[in-house]
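Let me begin by presenting the structure, written as structure tokens, before commenting on it.
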There are 2 protein chains.
Amino acid sequence: MRRIPDMVITRMSIYSRVLSALMEKGIDIISSDELGKLANCSGTQVRKDLTYFGQFGTRGVGYNTSDLKSNITKILGMDKRWKVALVGVGNLGSAFLSHERFKKHGFDIVVSFDADKSKIGKIYNNVEIRNIAELKESINEFGVKIAIITVPAQFAQEVSDLLVESGIKAILNFAPTTLRVPEKVIIRNVDLSLELEALSFFLTHKRAYDSEFSFLYL
Amino acid sequence: MRRIPDMVITRMSIYSRVLSALMEKGIDIISSDELGKLANCSGTQVRKDLTYFGQFGTRGVGYNTSDLKSNITKILGMDKRWKVALVGVGNLGSAFLSHERFKKHGFDIVVSFDADKSKIGKIYNNVEIRNIAELKESINEFGVKIAIITVPAQFAQEVSDLLVESGIKAILNFAPTTLRVPEKVIIRNVDLSLELEALSFFLTHKRAYDSEFSFLYL
DNA sequence: TAGATTGTTAATCGATTAACAATC
DNA sequence: TAGATTGTTAATCGATTAACAATC
């Protein structure tokens, strides 16, 4: 009944990734310490994270890679498929229409929207581009519950409101702006601008001290 | 001389974004409480974050939006431009070549690389696509210090090693894998797969309790 | 001056790490 | 059995929040 920290979920995904690689190598038992090393954290961290969800190992032995992998897959809900709508078929949006990453993770883009008349009606990678004016009806028609926002920042809130109104339950937002959504709507932001500014900061403030680099206050 | 938490930098970027919006609206004074509200955090958080870098406000009054904005811009190092190389001109990579976001944040993609013979020699948005075999010489030729990795996961470590060897100081990695780089190299990961799996987790475990939604342990 | 708001110190909270009993 | 490693509790660490003196 505990609330699970975001970072625990992120690490669970990483463990899952490491376990896949181990399975491919034919390794079928791994200790928390080894798994941690491959996931860039401690064995303690691995064990602690797993206790949020149950007991998956054997004392004195370790974890069975394929068992743990399938348990994590189920915990993350990666054993099902989700229908997704994409809003904004610009350069990033159209890249996503032909990006296999979504499909690989169980997210099928079934419809897309744009306001640009020259794009409407076209089909990219089997996905139709519809007029954003038809968003609500189309969302209902397809029974889509998840949306990807790849419109310019200034239109993102408006699109988000429209999606929420249409019954969307989760949003993956790529627009560089903080969206206001009702608490019941799940939102994840992938903010490239924030990453670029962090990169800029660390590049600017990198300082050499005794042949070692640290990020310091001025 | 304190180490600055990553989250502080992220929030500084958000403050900067909020301040820009305020300036456009012609608001030239703002209190920490108001700024916090717009940035989705508390006034205390805003004031605490700013103390890492100095004193920017006036007691009893608040902050001058344009002064604070220009201070943050300077702190984040957004007052200069960086030359960038992009490795992997697939669907995501080519989207980035014509993506204005990078330029807007001072990152100019000056050269790109791919292994696909059919792409080599082409020019997208004024950026030449070169053979990845020429990476080292080209990096030196352009004096590039930052690289974006948009190659498939299985080639990312190899590309990363090559970049480090060529003298790259910072990497923005979009491949869904954890790269090993020397400590002195700055690395930021934008991991779409991790976001999708988190979305999947929260969608799977969303539960209604008394008309309220919480993320709970099973 | 009185009211407002910053800058900063102290208290709280939550996440990470250490330690170790349980047990294969 | 002896050695290894998990699962879990307690200790530590660091970040967030509360409180308030300084001061406009």
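Chain A is the first sequence line, chain B the second, and so forth, proteins listed ahead of strands; every chain is numbered from 1.
Between dC13(C) and R3(A), no contact under 4.0 Å exists linking OP1 or OP2 to a side-chain N or O.
Classification of the F174(A)-F96(A) ring pair by plane angle, with boundaries at 30° and 60°, yields tilted.
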Side-chain donor-acceptor pairs of residues 10-23 of chain A under 3.5 Å, sequence neighbours excluded:
{"unit_1": "T10(A)", "atom_1": "OG1", "unit_2": "D6(A)", "atom_2": "O", "d": "3.3"}
{"unit_1": "R11(A)", "atom_1": "NE", "unit_2": "D49(A)", "atom_2": "OD2", "d": "2.6"}
{"unit_1": "R11(A)", "atom_1": "NH2", "unit_2": "Q45(A)", "atom_2": "OE1", "d": "3.0"}
{"unit_1": "R11(A)", "atom_1": "NH2", "unit_2": "D49(A)", "atom_2": "OD1", "d": "3.0"}
{"unit_1": "R11(A)", "atom_1": "NH2", "unit_2": "D49(A)", "atom_2": "OD2", "d": "3.4"}
{"unit_1": "S13(A)", "atom_1": "OG", "unit_2": "E197(B)", "atom_2": "OE1", "d": "2.9"}
{"unit_1": "Y15(A)", "atom_1": "OH", "unit_2": "D49(A)", "atom_2": "OD2", "d": "2.6"}
{"unit_1": "S16(A)", "atom_1": "OG", "unit_2": "K69(A)", "atom_2": "NZ", "d": "3.0"}
{"unit_1": "R17(A)", "atom_1": "NE", "unit_2": "P176(B)", "atom_2": "O", "d": "3.3"}
{"unit_1": "R17(A)", "atom_1": "NH1", "unit_2": "P176(B)", "atom_2": "O", "d": "3.3"}
{"unit_1": "R17(A)", "atom_1": "NH1", "unit_2": "D191(B)", "atom_2": "OD2", "d": "2.9"}
{"unit_1": "R17(A)", "atom_1": "NH2", "unit_2": "D191(B)", "atom_2": "OD1", "d": "3.0"}
{"unit_1": "R17(A)", "atom_1": "NH2", "unit_2": "D191(B)", "atom_2": "OD2", "d": "3.0"}
{"unit_1": "S20(A)", "atom_1": "OG", "unit_2": "S16(A)", "atom_2": "O", "d": "3.1"}
{"unit_1": "S20(A)", "atom_1": "OG", "unit_2": "K69(A)", "atom_2": "NZ", "d": "2.8"}

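The interatomic distance linking N64(A) (CG) with dT6(D) (P) rounds to 13 Å, in whole Å.
Scanning residues 31-48 of chain A for heavy-atom distances under 4.0 Å to DNA chain D yields S31(A), S32(A), R47(A), K48(A). Within residues 65-76 of chain A, no residue has any heavy atom under 4.0 Å from DNA chain C.
Legend: residues meeting salt bridge (charged side-chain N to carboxylate O under 4.0 Å, His left out) with K37(A), ordered by chain and number and at least two apart, are absent. In this view, N140(B) satisfies the side chain to side chain donor-acceptor pair (under 3.5 Å) rule with no residue, not counting sequence neighbours. Listed by chain and residue number, nothing satisfies the side chain to side chain donor-acceptor pair (under 3.5 Å) test with D33(A) (two or more places apart in sequence, or in another chain). Every residue was checked against the salt bridge (charged side-chain N to carboxylate O under 4.0 Å, His left out) condition with D79(B), not counting sequence neighbours, and none meets it. Residues meeting the salt bridge (charged side-chain N to carboxylate O under 4.0 Å, His left out) test with E34(A), sequence neighbours left out: none. Residues passing the side-chain contact (heavy atoms from CB on, under 4.5 Å) test with K25(B), sequence neighbours excluded: I27(B). Remark: N91(B) engages H99(A) in a side chain to side chain donor-acceptor pair (under 3.5 Å) (not counting sequence neighbours).
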Next item on the list: Begin from the C-alpha positions of F107(B) and L172(B) and carry the test side-chain contact (heavy atoms from CB on, under 4.5 Å) through to its verdict.
Entry: CA-CA 11 Å; F107(B) 293 84; L172(B) 184 60; over 6 Å; no

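When side chains are defined from C-beta on, P182(B) counts as touching V164(B), because their heavy atoms get closer than 4.5 Å.
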Notebook entry, point to check: If pairs are Watson-Crick or G-U with both distances under 3.5 Å, what is the dot-bracket string of DNA chain C, marking crossing pairs with [ ] and pairs to another strand with |?
Noted result: ..||||||||||||||||||||||

Name the pairs: protein N/O against N/O of nucleotides 21-23 of chain D, kept only if under 3.5 Å.
{"unit_1": "dA22(D)", "atom_1": "N3", "unit_2": "R59(B)", "atom_2": "NH1", "d": "2.9"}

